[in-house]
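Atom set for the values below is all heavy atoms of this structure, side chains included, hydrogens, waters and symmetry mates excluded.
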Amino acid sequence: MLRPNGPVARCWVKILVCMKQVPQKDAPLKLNEGGTWIREDVSYEVNEPDAYALEEALRQKEKHGGEVVVITAGPARAQQVLREALAKGADRAIHLEDDRFVGLDAFNVARAFAAAIKEDAFDLIFTGLQSDDYGYAQTGVLLAELMGWPHATIIMQIEKKDSGIRVKRELEAGFFQFVEMPLPAVLTIQSGINKLRYATLIGIKQAKNKPMRKVSWDDVSGAVGENLQKVEKLYVPQKTKKTEYLEGSPAEVAKKLVDKLRNEVRVL
Amino acid sequence: MASTTSKRKIAGGSFLIEETNPREVFTPEDFTEEHLQIAKTAEEFYVNEILPNADKIEQKDFSVTRGLLKKLAELGLTSVDVPEQYGGTDMDKVTSSIIAENISRSGSFSVSFGAHVGIGTLPIVWFGTEEQKQKYLTKIASGEWISAYALSESSSGSDALNCRAKAVLSPDGKHYILNGEKMWITNAGFADVFIVFAKVDGEKFSAFIVERNSPGFAVGAEEHKLGIRGSSTAPLILNDCKVPVENLLGDIGKGHIIAFNILNVGRFKLGAACIGGAHESLKHSIQWAKDRKAFGKTIADFGLIREKIAQMAVGIYAGESLVYRTVGMMDAALSEIDKSAPDATREIRKAIEEYAVECSIIKVWASEMLDGIVDETVQIYGSYGYVEEYPAERAYRDSRINRIFEGTNEINRLIITGWLMKRAMSGQLALLPAIKRLMDEVMSGPSMPEEDDRPLAAERAIVASARKLSLLIAGAASQKYMQALVDKQEVMGAIADMVIETYAMDTCVARAERLLAAKGEAGASLAVAMTRAYLSGSMAIVERMAKKVMADVAEGDMLRTQMSILRRLTKYEPINVIAAQEQIAAKVLEQGKYIL
């Protein structure tokens, strides 16, 4: 088949999508005994921005050919997100399987990913913009640094160019920025960039025959350092009620009120 | 847990004569990863595609329904029962039920979907010729064509074989000329292909594949229904309708085989759909109960509301246990069939027909369970439940049809008892030896019960008593009425109720036992509470029905003897149903939905 960019149907891109399993949005969360994280007995799902990253990778592949590989780091249960991705059309999966990946800082997760994919030659790495649990938005950026690749964040659109890609970034207050960048590159994808597909029954049936490479903690431990993150305490904010009477003339009361709203309650 | 389920082929109705081995009972905990993914796809489709269109569907915008059916077909969700060579996905009955449960959370679309993928498709899958399958199944599986099933007439519903529609071969032998009318045909307004039943020469009950654009075929006006208003229900008018001879489905005069076989599948799928509806109503009830305030509290804090929420959850627990146990048995039987063999479809039909009694039980039980749940949802909503702006009202109306179509619950009750009796008489089911053993046992007087200190021992004992009472009463009624029992419908119905409750209780206990073995006491505690709550109400029905029949079939000393046996069999410590329901309500309210 002829493609617009040349007579040979070559694989345009090999895309890696980093995915994370996070607690389900409507799951009632309970603190663990130590008050350092939530209890494990909740339902989990794919981190929403990662689902959009996967969808974008699949769309790029459908448009230009190539391969989509998905990767996650987490305990055995996290394999679920990879199975889902395979059912939706990813070609193969890599599972860094160990309980120690739960709560590992973003820098070390990025190091583990980099170590796990060193034999692969990807053109693009997608991550979701951020995770719905910790919400650091760091793994993709750090991975780019480790790989020595350029990166762009909050991506709303990706367009293939002869020299690489042109991406649209979402900025504050309705502004957008267009960036042209060479490949390989890392992109962190914004939710809502596309419309998510459903896994088809055929896809679900085929997923179990697709390759799933397991990577153990030992396989990547040489690249991973000490966990840089420690949650000291997690708590549910206490509901408090306080009534205060402001006294003085109306002008004085108004002044005090504005001061309190601005500096104490910080709503102005 | 899947590895602990053994796949022995189990005889239909055997729950009534032998103690159940929980390891042989398929439960939702046995779902494979694939099953769970399919459930997720179906549920997401419902939430993202069907629910936002609910109002348009309700206004009979059939283009929306058709569009959704097409999208579902593209995902492979409408062709699970269609072989791969005709574009289907050909998966097991558990998958088929999972899809029915998750897609069917709102009445109108659920009915359109069910008619298309079930009763509209399966007659061709099972009875179609190769040419018919190539021509019709591929289009039905892809969603290009929508199908419907036309059995009822204005003057024949439950007695469908009495139909008046007539088919006569044309003089040139190329067509059947159909005349007559069909009524209450789901999807009639927009279906492209219909399975129409008519009597060849006014005598031989047969089925035909009729295309919408056939000469002489017309669809009448939409019915104005109590519920499922977004689904299409209209009569068909056959006025010298020309149907090519090659569109005769199955053999002339054998239409009843098609009709009855299809209804078995329709019944367990209807059960699965009712579970889906129950989930939706429970979710609404919980939400409302948590939001609505009275006397300075949310109404979810009040015991009588919590009790309703708990009972709804118990209904879902028992219902899904029943549906998946039954389809699990079917799949075990179907897995032994070589699908490439020439008689494969006949074997498949036989394997499903084996569980006809369980299918009827599911139909009756689940439709009445859902009716109970939507009724209590209206109650929880109070006055808001009585107005159209809130979901309780529509669900209340939509649910009612389930007790009528796919064989009324009365017909299905007669099928349950009749089928068991027939199997007993033919020796296919060792019911008579079981009754004899039981009579010997009870006549030898009270004996010390065997020590059983395993968990759920008391619950197992209740199920055993229910089983014995059902056999005892079935035996007593047969003895009294012999062949005339079929005409004593009240007795047949009461026996059916006892059988239904025995199967339901047995299934709940078996599932709880499986969970206990897999997850220990803490992990299974909710299932145990639901089982106990269910047993409490269920055994009361068994007792009441037993007395009802006893008083009819015996008198004097015989009645007194039977009553003493009944008292012996119903002597158990009352279950603390309030405590069980409180535990269930607390969990369900915390989660915001049914969860196990």
Side-chain angles (χ1 to χ4, degrees), chain A residues 19 21-31 33 38-48 51-52 54-55 58 62 70 72 76-90 93 95 191-192 194-210 212 236, chain B residues 31-50 68 71-82 84 87-92 95-96 98-99 102-103 117 141-143 283 286-287 290 519 522-523 525-526 586-596:
Chain A
M19 306 190 73
Q21 192 187 41
V22 294
Q24 222 166 38
K25 269 192 220 74
D26 59 353
L29 305 178
K30 282 189 194 150
L31 295 182
E33 270 183 29
I38 56 161
R39 270 170 46 174
E40 275 278 307
D41 57 348
V42 291
S43 306
Y44 290 90
E45 64 182 0
V46 176
N47 179 44
E48 192 183 52
Y52 285 96
L54 170 70
E55 178 63 40
L58 294 173
E62 280 157 7
V70 284
T72 197
R77 63 169 160 77
Q79 189 183 306
Q80 181 62 28
V81 304
L82 299 179
R83 288 269 169 235
E84 262 183 68
L86 293 173
K88 286 186 172 184
H95 184 188
S191 291
N194 45 43
K195 190 170 184 298
L196 300 179
R197 73 189 62 196
Y198 299 99
T200 65
L201 254 66
I202 297 291
I204 291 169
K205 264 174 120 174
Q206 287 169 345
K208 58 181 173 202
N209 298 323
K210 290 182 176 176
M212 165 97 63
V236 181
Chain B
F31 288 167
T32 62
E33 206 175 307
E34 237 176 58
H35 287 141
L36 295 171
Q37 275 191 22
I38 292 167
K40 186 163 183 265
T41 291
E43 190 189 349
E44 284 176 357
F45 191 90
Y46 171 73
V47 172
N48 299 330
E49 315 283 338
I50 301 173
L68 289 170
K71 269 192 193 172
L72 278 168
E74 283 159 11
L75 295 175
L77 290 170
T78 59
S79 59
V80 176
D81 297 302
V82 177
E84 279 177 359
T89 43
D90 196 13
M91 296 178 90
D92 57 13
T95 303
S96 189
I98 285 175
I99 294 171
N102 285 283
I103 290 295
V117 306
S142 70
K283 230 162 63 186
I286 293 171
Q287 195 58 51
K290 280 176 158 179
K519 292 186 171 177
S525 104
L526 191 60
K587 185 74 181 174
V588 170
L589 283 161
E590 174 198 287
Q591 296 291 328
K593 59 183 174 188
Y594 168 84
I595 195 161
L596 193 64

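When heavy atoms are compared at a cutoff of 4.5 Å, A/K88 does not approach chain B at all.
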**Report entry** Criterion side chain to side chain contact (heavy atoms under 4.5 Å, CB included) on A/Y198 and B/K71, from CA distance to verdict
**Finding:** CA-CA 10 Å; A/Y198 299 99; B/K71 269 192 193 172; over 6 Å; no

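Counting heavy atoms from C-beta outward, A/L201 and B/I99 have side chains that approach closer than 4.5 Å.
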Side-chain donor-acceptor contacts of residues 21-30 of chain A below 3.5 Å, not counting sequence neighbours, with atom names and distances?
residue	atom	partner	partner atom	Å
A/Q21	OE1	A/R77	NH1	2.7
A/Q21	OE1	A/A78	N	3.4
A/Q21	NE2	A/R77	O	3.0
A/K30	NZ	B/E590	OE1	3.4
A/K30	NZ	B/E590	OE2	3.4

Table please: side-chain donor-acceptor pairs of residues 38-47 of chain B below 3.5 Å, with sequence neighbours left out.
residue	atom	partner	partner atom	Å
B/K40	NZ	A/E84	OE1	2.6
B/K40	NZ	A/E84	OE2	3.4
B/K40	NZ	B/E44	OE2	3.1
B/T41	OG1	A/A199	O	3.1
B/T41	OG1	B/Q37	O	3.4
B/Y46	OH	B/E280	OE2	3.2

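Of the residues considered (A/T200, A/D41, A/I202, A/L196), A/T200 shows the highest number of contacts with chain B, using heavy-atom pairs under 4.5 Å. For the options B/V80, B/N48, B/L77, heavy-atom pairs under 4.5 Å to chain A are most numerous at B/N48.
A/K205 pairs in a salt bridge (charged side-chain N to carboxylate O under 4.0 Å, His left out) with only one of the listed residues (B/E33, B/E34, B/E84), which is B/E84.
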